[in-house]
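Atoms within each ligand, like the ligands themselves, are counted from 1 in listed order. Bear in mind that the values here come from a model prediction, so they are computed numbers and not experimental data. What's counted below: heavy atoms across the whole structure, side chains too, no hydrogens, waters or symmetry copies.
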Amino acid sequence: MNKTGKPIISVSGVRGEVGTSLDIRVITQFAMAFGTFVGGKTVIVGRDSRTSSPMLRHAVLAGLFATGCHVIDVGLCPTPTILLMAKALRAHGSITITASHNPVAWNGIEFAAASGNLLTQTERDELLRIHETEDFALAPWDAQGTIEIHEDASAYHLEQILSAPWLELDLIQRTDLKVVIDAGNGAGCVISPFLLRKLGCEVIELNCVADGHFRRSAEPTPEALDELCKTVLASGADIGFAHDGDADRLVLVTEQGVPLSGEWTLAFVVDFILGKTKGDVVATVSTSRMLDDIAANHGVALHRTKVGVGWVVEKMHEVKAVIGGEGTGGVIYPNVHHTTDGITSIAAIVQYLAESGSTVTQLIENMPQYQMCRKKLEIPSQAVATRLVDAALAVYEKEQDAGTESILDLTDGVKRVWNDRWVNIRKSGTEPVIRIFSEAPTPEEAEQLCNETLETLITLMKQISH
Ligand code: MG
């Protein structure tokens with residue numbers, strides 16, 4: 001990621017490293033653009049626990065006041081809580097101050113449109129246009145913005161989760177679960193331990209002080225969860241939970257202290273929700289094949305989208321899906337709201353575990369078994385990436401004509417799908433790399449698929465550069 005260059009402006013907002021690539025003036029200017037975009041109306045503002053978040057908050061407030069917005073500040077909250085409040089309070093938009101799973105030195109802002117919905121392409125284009133042309137609708141001296149502090153956001157989110165129709169508090173309480181929650185000193189600290197206690201679990205807290213000094217990586221990768229795994233084992237807990245910095249993701253650790261990828265959170269939740277409500281499921285093209293099997297078992301359709309929460313949400317609206325998400329551990333519960341929500345995931349997983357009467361390891365054993373492999377190929381520029389993906393597609397199309405048994409799926413990059421395995425190549429939106437993801441019944445087969453694809457790409461890249 002660029003350390004000294006410009007901040008990254010992406011589909012969700014603006015991010016950079018504080019003190020180097022994140023220029024605070026850009027934040028104020030984007031807040032002015034957003035205030036203009038919402039017509040000077042009501043905007044929800046909330047922030048994660050990073051030490052730089054109060055500084056960003058001032059910059060955001062300045063931009064919103066200057067454009068005459070009324071700000072409802074919900075304080076330090078997870079991203080899903082902030083978006084839920086935008087929906088509950090029927091705000092015209094929201095700004096979330098967070099860098100999600102990026103390192104602790106990073107920060108940024110994310111935008112949502114009316115009622116906490118992610119911006120559509122048209123809305124995003126309009127916001128960027130206002131920002132680029134500095135077409136700000138500045139309010140006169142007697143119409144400056146105002147602020148009110150809303151202190152009950154977490155309580156409201158908890159209330160919404162606890163009223164979920166699939167939750168049986170007395171069953172969970174009878175199950176006597178012991179759990180460890182590792183909120184990574186992020187925004188999840190202010191809500192997840194409380195939810196677990198309300199559910200009647202015995203709770204051991206790890207990294208649950210929201211002081212913004214992350215004691216592990218903000219991204220809850222298996223490697224980052226060593227302390228959580230050890231604590232689960234040492235305490236004899238039934239399960240370990242971990243969030244990313246803004247708690248829209250949840251990943252799990254088994255009772256044997258084994259960290260799981262976010263694919264398992266989504267697989268368990270999809271199986272659980274489909275057991276309660278039959279309906280369509282939506283996931284990205286690079287999410288585990290487990291979902292195809294789970295959806296088939298429940299007799300429902302699975303829809304695949306491009307990689308990115310926005311695409312999943314859009315499809316979920318379109319097909320009226322009952323559940324959806326990404327393999328990062330971000331699950332979307334349309335009954336609560338259309339955004340990834342790591343807090344609601346805790347309640348769903350606890351209920352699933354209590355109902356099953358099994359250990360997490362047993363739940364895994366009862367699931368379809370696949371192994372994933374992820375690699376990336378560094379490339380000189382985005383333009384080369386496009387040419388390379390096109391060249392690879394031409395090679396695979398030729399193979400198709402020659403009669404191979406794979407199917408080509410062009411939803412995002414190129415995905416070759418066989419009966420029990422797949423491999424997907426696609427350009428990264430943020431880095432000069434091509435990502436190669438594969439999944440197969442064994443780790444060796446998954447790695448072989450990744451390596452073969454990587455070799456094809458390297459050969460093609462040599463041809464392109466000559
Ligand atoms: Mg996040």
Side-chain angles (χ1 to χ4, degrees), residues 1 8 10-17 22 44-50 52-53 56 74 76-86 94-112 116-119 153-154 157 181-192 195 207-208 210 212 214 216-222 224-225 228 241-252 261-263 265-266 269 283-284 286-287 307-313 324-333 336-346 428-430:
M1 286 190 252
I8 293 171
S10 72
V11 289
S12 56
V14 187
R15 271 183 212 177
E17 192 186 58
L22 188 79
I44 305 287
V45 173
R47 64 184 191 276
D48 73 11
S49 64
R50 287 165 200 265
S52 56
S53 289
L56 266 78
V74 296
L76 201 171
C77 289
T79 299
T81 309
I82 295 163
L83 296 182
L84 181 65
M85 289 319 292
S94 70
I95 296 184
T96 299
I97 298 162
T98 185
S100 186
H101 55 277
N102 283 155
V104 67
W106 282 62
N107 213 336
I109 52 176
E110 294 180 0
F111 308 104
N117 288 307
L118 300 175
L119 300 187
S154 294
H157 195 178
I181 169 77
D182 177 353
N185 305 101
C189 298
V190 303
I191 182 165
S192 295
L195 170 64
N207 301 324
C208 279
F214 297 169
R216 64 155 165 86
S217 154
E219 185 161 18
T221 56
L225 302 180
L228 174 60
F241 293 112
H243 288 305
D244 68 332
D246 65 334
D248 67 327
R249 298 185 185 179
L250 178 76
V251 298
L252 314 173
S261 91
E263 300 285 348
T265 313
L266 182 61
V269 171
T284 68
S286 65
T287 308
V307 174
V309 177
W311 299 109
V312 178
V313 168
E326 291 194 299
T328 51
V331 187
I332 300 153
Y333 302 81
V336 183
H337 54 158
H338 278 91
T339 187
T340 45
D341 185 341
I343 331 294
T344 305
S345 286
I346 288 184
S428 159
T430 50

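Rounded to 10 degrees, the OG-metal-OD1 angle spanning S100 and D248 at the Mg ion (ligand 1) equals 170°.
The shortest side-chain heavy-atom distance between L83 and H338 does not fall under the 4.5 Å cut-off.
None of E219, E326, E263 except one satisfies the salt bridge (charged side-chain N to carboxylate O under 4.0 Å, His left out) rule with R249; the exception is E219.
Closest to the Mg ion (ligand 1) among the N, O or S atoms of D244 is OD2. If you look at D246 and ask which of its N, O or S atoms sits nearest the Mg ion (ligand 1), the answer is OD1.
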*Applying side chain to side chain contact (heavy atoms under 4.5 Å, CB included), run through V331 and L250 and close with a yes or a no.*
CA-CA 8 Å; V331 187; L250 178 76; over 6 Å; no
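No side-chain donor-acceptor contact under 3.5 Å links T79 and D248.
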